[in-house]
Amino acid sequence: MPGRMWRDKAIRVMLVGAASTSILIVLLIFLFIGKEAVPFAVKPGLGELLGKNWIPVSFQRVSFGILPLVTGTLLVTTLATLMTIPFGVCAAVYIAEVASAWEREILKPFIELLAAIPSVVLGFFGLVVVVPLVKAIFGLPSGLNALSGSILLALMAIPTVISISEDAIRSVPESYKSASLALGASKLQTLWRVTVPAALSGIIAAVMLAVGRVIGETMAVMMVTGNSRLITFSPIQPVRTMTATIAAEMGEVEFGSEHYQALFCVGIILLLATYILTRIAQRTLKKYRMA
Amino acid sequence: MVEPDNQLDPSDCKVQVENLDFWYGPTQALFDIAMNIPARQVTALIGPSGCGKSTFLRTLNRMNDLIDDTRLKGSIRIDGQSIYAPNVDVVSLRKRVGMVFQKSNPFPKSIFDNVAYGPRIHGIRRRHVLEEIVERSLVRAALWDEVKDRLDSNALGLSGGQQQRLCIARALAVDPEILLMDEPASALDPRSTARIEELIDELRTDYTIVIVTHNMQQASRVSNYTAFFYEGVLIEFGATKQLFTLPCEKQTEDYITGRFG
């Protein structure tokens, strides 16, 4: 008897341990990245980050203002989100409510495949197709700009939005639709006025998760956005995102230098942003499952 | 089979059903139904589960059209006009023939928006017109006094009985002529059921009501006419009083006295 109790306890500890690992890892990540970033907060101080210039290597004066990186990330993310929402939601509505069974069977694997493409490979596609296209359409000297980056990010985010939104739309009770149709609403009216609003919180959560992914995306963006440290809100200007900055500079930075610490600060800010977005998404999803 | 139009002058009929057959895929669910449903009366459809009464009810507003692989033969006319003719607009048919479902199904919207949904999709935009319709419909459904101070709160916060009356109000808001009710009180407690029954009694002066019910006491309480279905066949149709006291068919008698079903 004590033997079995002991075994039960051991298994329990193992399971709890496995389940808490993720919490531990997240905490450790915060801790160690924070540890590298803290000295920067002491000297030269966090105020340094608010500057308008990111000049980490200079013979005159270095400057670690992350504003151009933040605006770059914001610009690319916002554009990508604006492209993702209409496209992703419409596709989800079509797959969930309009498509016949065989259409769905063809569409879904392709969407899943799109989600599985490595971002570097998508970056190639960007360089070969998107960048020349953007260049030609807007008559620019170069197609390496925020718009090209956000198109690639939208391609990456759309599958997530489609899958989760589709789930949300399909879980809208049939009784809502019957009620609407029985009142003389057309199928289209029912779709836009009852089904989609009822699935809205799920759709919002889908978009949030996708935005979280978009903010953190690095490779594809680095390949096509032009990587110029401009503060701009024009889609056809080259920009540099926070992620691209870290990826590009981390390799050659002097260990423990101010530059090194500043990059960790950028990382912390990214981490916080995605963490907050994910939390909002989770909360919205939870609410919608209750309803 | 009792003559479907006994005691009924065809000119008082709102709905005339002739030779109606209905199939779900290969399975025939209704067999040669003929029935004249009187205007501004309550007609109850009774019978054991799976007898086709709900299927029949749903042929009257063509809700069965939404189920794949169903087929219908025969004719149903409302005010003399066939509702299955090729030129019939299903949307305007469903506007004329409202429906209340077994399980109350308010939209996850405010009380106001629930009732205003029908008028809105039929093109009414003006706020004060909508307010008027919402109030009138809620009063008619005996719910106004309970909800008038919280029209903006979510309909899902209402009790089961209130939700069902809200669904009735929502159906009334598009000004239907016929109201189909599919076991509207089967999920409610006795008190709420009594309220729904009172409501049906009040509505009969303005609407032609067809109600499916499992509950024979309910049928005898609320209806003027009763149709007894068994295995897809209309066994007997007549005045409720007569059907419950002196049924013509042995099967009807067996059912209402509880020998089967």
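So you know, we letter chains A, B, ... as the sequences are listed, proteins then strands, and number each from 1. Atoms considered below: every heavy atom in the structure, side chains included; atoms not considered: hydrogens, waters and symmetry mates. Quick caveat: nothing in here was measured; it's all calculated off a predicted structure.
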Subject >> Between A:S186, A:P173, A:A182, A:S178, the one whose heavy-atom pairs under 4.5 Å with chain B are most numerous >> reply: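 Among the listed options, the one with the most contacts to chain B is A:A182.
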So, do [X] and [Y] sit near enough that their side-chain heavy atoms are less than 4.5 Å apart?
X: B:R94; Y: A:L181; result: yes
X: A:Y176; Y: B:P108; result: yes
X: A:S175; Y: B:F101; result: no
X: B:L66; Y: A:K177; result: no

If I measure from the heavy atoms of chain A, does [X] come under 4.5 Å with its side chain, its backbone, both, or neither?
X: B:R96; value: neither
X: B:P176; value: neither
X: B:R170; value: both
X: B:V97; value: backbone

Atom [atom1] of [X]: over 12 foreign heavy atoms under 6.0 Å:
X: A:R279; atom1: CZ; answer: no
X: B:R126; atom1: CZ; answer: no
X: A:F87; atom1: CZ; answer: no
X: A:F30; atom1: CZ; answer: yes

Measuring from [X]:[atom1] to [Y]:[atom2], what's the distance to the nearest 0.5 Å?
X: B:K95; Y: A:L183; atom1: NZ; atom2: CG; value: 11.0 Å
X: B:N105; Y: A:E174; atom1: CG; atom2: CD; value: 11.0 Å
X: B:K109; Y: A:R193; atom1: NZ; atom2: CZ; value: 8.5 Å

**OP:** Specify the closest pair of heavy atoms between B:Y117 and A:V194, including all atoms of both residues, with the distance to one decimal.
**Re:**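 Heavy atoms of B:Y117 and A:V194 come nearest at OH-CG2, 3.2 Å.
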